Amino acid sequence: MSAALLHADTISDALTRRLFEVIASWPIYDPHSHINPHAPAARRFDEILGYHYYTELAHSAGMPAELVDPALDPRQRSRNLAGWLDRIDNTVQFSWLTEIARVFHGFDDVHAPIGPDTIDLLYDHALKESPAEANAWDDRVWTTTGLEAVFLTNDFDDPLEGWDTSRYVPCLRTDDLVLKLDRPTTSERLRNTTNLPVEDIEGLKNALGVLFDRFVSKGARACAISLPPDFQAVAPDVTRAATPIRRALHGLELRPDEARLVQQTVFWTLAQFCRDYRLPFDLMIGPRRDVYPAGVAGGRDLYDRRVSLHDYHELFNQFPDVTFPISTLAPDAAPELVSYAWIFPNVVAMGHWWYSNLPAFIATDLRAKLQAVPQTKIVGYYSDAYKLEFILPKFRMFQRVLAEVLAEDWVRGRGWSEERALGLAERIMRTNPKRLFARGE
Amino acid sequence: MSAALLHADTISDALTRRLFEVIASWPIYDPHSHINPHAPAARRFDEILGYHYYTELAHSAGMPAELVDPALDPRQRSRNLAGWLDRIDNTVQFSWLTEIARVFHGFDDVHAPIGPDTIDLLYDHALKESPAEANAWDDRVWTTTGLEAVFLTNDFDDPLEGWDTSRYVPCLRTDDLVLKLDRPTTSERLRNTTNLPVEDIEGLKNALGVLFDRFVSKGARACAISLPPDFQAVAPDVTRAATPIRRALHGLELRPDEARLVQQTVFWTLAQFCRDYRLPFDLMIGPRRDVYPAGVAGGRDLYDRRVSLHDYHELFNQFPDVTFPISTLAPDAAPELVSYAWIFPNVVAMGHWWYSNLPAFIATDLRAKLQAVPQTKIVGYYSDAYKLEFILPKFRMFQRVLAEVLAEDWVRGRGWSEERALGLAERIMRTNPKRLFARGE
Amino acid sequence: MSAALLHADTISDALTRRLFEVIASWPIYDPHSHINPHAPAARRFDEILGYHYYTELAHSAGMPAELVDPALDPRQRSRNLAGWLDRIDNTVQFSWLTEIARVFHGFDDVHAPIGPDTIDLLYDHALKESPAEANAWDDRVWTTTGLEAVFLTNDFDDPLEGWDTSRYVPCLRTDDLVLKLDRPTTSERLRNTTNLPVEDIEGLKNALGVLFDRFVSKGARACAISLPPDFQAVAPDVTRAATPIRRALHGLELRPDEARLVQQTVFWTLAQFCRDYRLPFDLMIGPRRDVYPAGVAGGRDLYDRRVSLHDYHELFNQFPDVTFPISTLAPDAAPELVSYAWIFPNVVAMGHWWYSNLPAFIATDLRAKLQAVPQTKIVGYYSDAYKLEFILPKFRMFQRVLAEVLAEDWVRGRGWSEERALGLAERIMRTNPKRLFARGE
Ligand SMILES: [Zn+2]
Ligand SMILES: [Zn+2]
Ligand SMILES: [Zn+2]
């Protein structure tokens, strides 16, 4: 099946299909992922099936977590999981899997679904044994997907070397610095990567400066962080923060109020660096980590829906020159982001994230964004993918909803020309992310 | 009008209608209701019109509560209410009423709506005076509805005798035990029904054991409870709970923190019994009772929408072997349940409850469930009915939305065969509730 | 373009269009606006373009706030803004603008959009220089819109003189009294307008009595207030409130708990006056003021979505004779209002407000209201307009969604006749607001 046509054959409305086909033909500019630039596409089908969506959904459907233990032989792990796929084949995540199998592995799932009877065939087809084979496969997936660039999620001590950073764009991920500064591993990693002592708040700032220098010089386009639902983005009392930060950097225990102050101070300092280095600061708001500790890897986090962007208003006010592309995790919090992006010049509504990344939620949320947020401030979608193969089916899922919304509400509903509607689509899919993450260049 | 065809004539899309007609032809397995097994169908139309939806909506529209006082003559009460129905005939609840009148009483509402001019006719038609007539009517409604089984809501001191428990399935309702243990009536009822002294936490556990033994031996399939929006399902400090529980069992007053601890302890103990007896524990989360005390009976409860399933994560973690079929009351909390059912193996998304039971809310919520929850963990619907007659129109309302969602998103949108879509429907309507409530048998 | 046909040409479904055309032909009864009765329609296009939606959206899209400084020459301000409109032409608010240009100024935006090249033309067309011209224009907009009456928002010290109060209906806005009583300007304005000393709680009540007398004698139809998301509408301890109220009236500083008590006491007192004067009390719940202080005028307020109507239950219970038409600001709070209007006889669901006033949100919310709130308790829509010209496009936007919902769900879905569906529409658009705000007359 042609990658461009993925979905098109199931769109019965002719106008929607026309819009979709144009949108799907554009190069994909993907402003957030977890791709490993040293091995972007899957070398084994286990890397596809091992995506946390499949392991967590299968586990939720009854599969013991041990069956997908990372220590198992990859083929066996795939076989184990395959036996549970029929329980989750209703999900949209499963539809990404079948689309990958169809487009990248020529797999015809109509006559035999992905499951125990077909997994070995798929596994064999997807296996890339030599480095040359793997590289060719990376290129093949890149080309088939029509990728232009994909943003990474880099640890702060990532050396950022060994790949084409115009294709695989570095982003500085800062969760550990803000949320885990008091863990000895964090301060140690910080010292190792900067060759600085990092004993106190001044040392911390120097070290962060080294990191920002390095990231920006390597082509980084964003700083990013995910924050828990009760995080308060308020200006810290820096004087009061000095001692707790010193304690944190030496692995000493912190009282809850001290821990909070340390987090707020590091966060605020990062915002200052984002301002100075003209880096957008991606805020991914809402996850509560390890809510289900017995879950599979990557499938333990959830959220508390009692969250509000009002907790961030001081940040938005204090940093008018920093662009904040924001994703919220709780689907019912989406309307609030529409309102905040409508008012604050530096708040950008970005994509549809994780638990909100379902067509059922996207449909209303996307309509609302397009109805009330300036078109220059919407970043349509990002893949959040760990392997290149997922970028295509995820973007197609979104592009389909986008085509439906534009056909119904803008072309039919407002009498716009198809050309004009496609102009709006191009803005949110390509123009905006390319401009917003260009660091003003 | 044929019961199977209820709704079909107003479905204009041929595919949706075909799906609907098949789904509507299946026997109904209804996993939650308030049916009285000694008088399951209505003996008087007043028992239909007296459903709290009609009395509360009419009262909300201006009808004095006295007009539906339970002490009034039933015919008069029906006449009183009939005069206010034109104010609520837009509601979906009113559509259930007209459908009951059409299907069960051959009433043609097109030419004369249910109201003051027709209420006597309906009342006369619905009147079942002798026990034999009543029994025949129960059978007639059962057969017309195509019922296979309906779950009850039994007080903990219900003797559970005098009916076919394979049709009318007992469920242990535990609100009084958890939320009202400190009321003298509760401990007295507990002593009376168990013939145990029940003086302290040990006595309480013994009594609960007697109840679980009795319920399970009588074919109970679930334990159930409704919990207020601020309930915290955390592991109690049982040692600290001993004294407050003793005080509660002797009707002594409790401080707020003690009352909370008693509730948490009894709740936790019930979860332990559910584990030991392999009973699913239905959690119905959200109601705030008696918010409008001057309302009609059954029409005084509302909710506070600031609620989160995060308050239950400790419970889900501590009881991996207990299945928790969950309903949430606040419509905007529905997406969170989708996320929790997607991650926790023991969380099942069940039905569309009370204030959330409107097609406007079901449409998006059902789509989201079917897009992200393993198909084995969705219980499509339950009637929550007090009289058998309501099961049919309520299930038809849901089945219609289900047929629409499957036609649009799965058959047309994903290219599934109708057969496959119907397989998914059958899972959530029949296979899942039958399996999940089978106690592992 | 004919005003009645605005939208009709873009409605492809024939049934929906028929319903829309009838609904759009009815006189508009608009129960909430900010129209200035001394200058209801715009004298300059700058008054259209200066609506906060355009200035705030353009500012959000990058326009410096100085470009729309109120001190600027109006034509220049319009030119400045015009240069930014292409960034927000996707929004529904922009569609109101083009519809005003089309209907009231014969502007053909298909070939040349409203922007830098056309703004002078529009500006010239819209300019009304003499009082006679302005009055004629007011009449022309009134007639073209098909207005019957529009409610105002009057400061408590508005003399309410100089206009036809049967067309421009006074409403007493009480935000300042409740939320800013401790500002010297408030107590001063209160003393000036009542000629009373207003030194203490008794003086305050006397002054409020004078205001209610004046407003009611001038034809006021409602008391109105907007309240922050954390406001608690509980019965105040009036004895304890005496001192803080005296302090507030003398401009002395209040502790936070005192300030809260003062607000609650004044609010409660207003509810008592609403009861005594049979005035509905419009509650507009949710805004948090000045969240973005650097924003343009009117574009600085947002909200915190963690809000619940449960905080108002004591009010609803204590004032059964007061009608509370309620609007909520957070879109995701809408379902809760459906539930509260379904239960409380004195709670009316009113319109779609501000950040909730997007078709994407209206569609589901309106469906839910029509499915579960007695039809006598829904006030379909209000314009919230500052200039007469906006009433038409805003009502058309709503009427279109209404026609779609009625066509799909009531005529097709429930088999209602078109006549019956239009009867429901007429209730919520005309009958209800006219009756609910008639003060029992
Ligand atoms: Zn990510
Ligand atoms: Zn129930
Ligand atoms: Zn207003």
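Keep in mind it's a predicted model, so treat the numbers as computed, not measured. Scope of the values below: all heavy atoms of this structure, side chains included, with no hydrogens, waters or symmetry mates.
- The contact between C:F344 and chain B is made by backbone and side chain atoms together, counting heavy-atom distances below 4.5 Å.
- Only the side chain of B:R288 comes within contact range of chain C, with heavy atoms under 4.5 Å apart.
- Note on B:N90, B:T98, B:D86: by heavy-atom pairs under 4.5 Å with chain C, the leading option is B:N90.
- Contacts between residues 403-414 of chain C and chain B, counted as heavy-atom pairs separated by less than 4.5 Å, involve C:W410, C:R412, C:G413, C:R414.
- No donor-acceptor pair under 3.5 Å is formed between the side chain of C:N317 and the backbone N or O of B:A294.
- The nearest pair of heavy atoms linking C:I343 to B:D301 is CG1-O, 4.4 Å.
- The parts of B:P359 that come within reach of chain C are both its backbone and its side chain, each placing non-hydrogen atoms under 4.5 angstrom from that chain.
- Listed here is the closest heavy atom pair of B:Q93 and C:A372: OE1-CA, 4.1 Å.
- For residues 321-338 of chain C, heavy-atom neighbours of chain B at less than 4.5 Å comprise C:D332, C:A333, C:P335, C:E336, C:V338, sorted by residue number.
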> C:W342 and B:I88: side-chain contact (heavy atoms from CB on, under 4.5 Å), yes or no, with the steps?
Replying inline: CA-CA 10 Å; C:W342 151 356; B:I88 66 170; over 6 Å; no

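- The aromatic rings of B:Y303 and C:Y340 sit perpendicular, their planes meeting at an angle over 60°, well past the 30° parallel limit.
- In this structure, C:H310 NE2 and B:D304 CG are separated by 6.0 Å, a value rounded to the nearest 0.5 Å.
- Taking every heavy atom of both residues into account, C:A341 and B:S60 meet most closely at O-OG, 3.0 Å.
- Using a 4.5 Å heavy-atom cutoff, the side chains of B:R305 and C:L309 are not in contact.
- Put simply, of C:D365, C:V307, C:T364, C:N346, the one with the most heavy-atom pairs under 4.5 Å next to chain B is C:V307.
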> How far apart are the C-alpha atoms of B:T91 and C:Q371, what are their side-chain angles, what is the distance that settles it, and do they pass the side-chain contact (heavy atoms from CB on, under 4.5 Å) test?
Replying inline: CA-CA 4 Å; B:T91 63; C:Q371 286 170 359; over 6 Å; no

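- A pairwise comparison of heavy atoms in B:V291 and C:H313 identifies CG1-CB, 3.5 Å as the closest pair.
- Side-chain atoms of C:W416 and B:D89, non-hydrogen and from C-beta on, do get closer than 4.5 Å to each other.
- Note that OG of C:S308 and CZ of B:R306 are 4.5 Å apart. Values are rounded to the nearest 0.5 Å.
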> So B:W84 and C:T376, side-chain contact (heavy atoms from CB on, under 4.5 Å) or not? Walk me through it.
Replying inline: CA-CA 11 Å; B:W84 296 80; C:T376 50; over 6 Å; no

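- Contact count versus chain B (heavy atoms, under 4.5 Å) is highest, among C:K369, C:R427, C:K377, C:R367, for C:K377.
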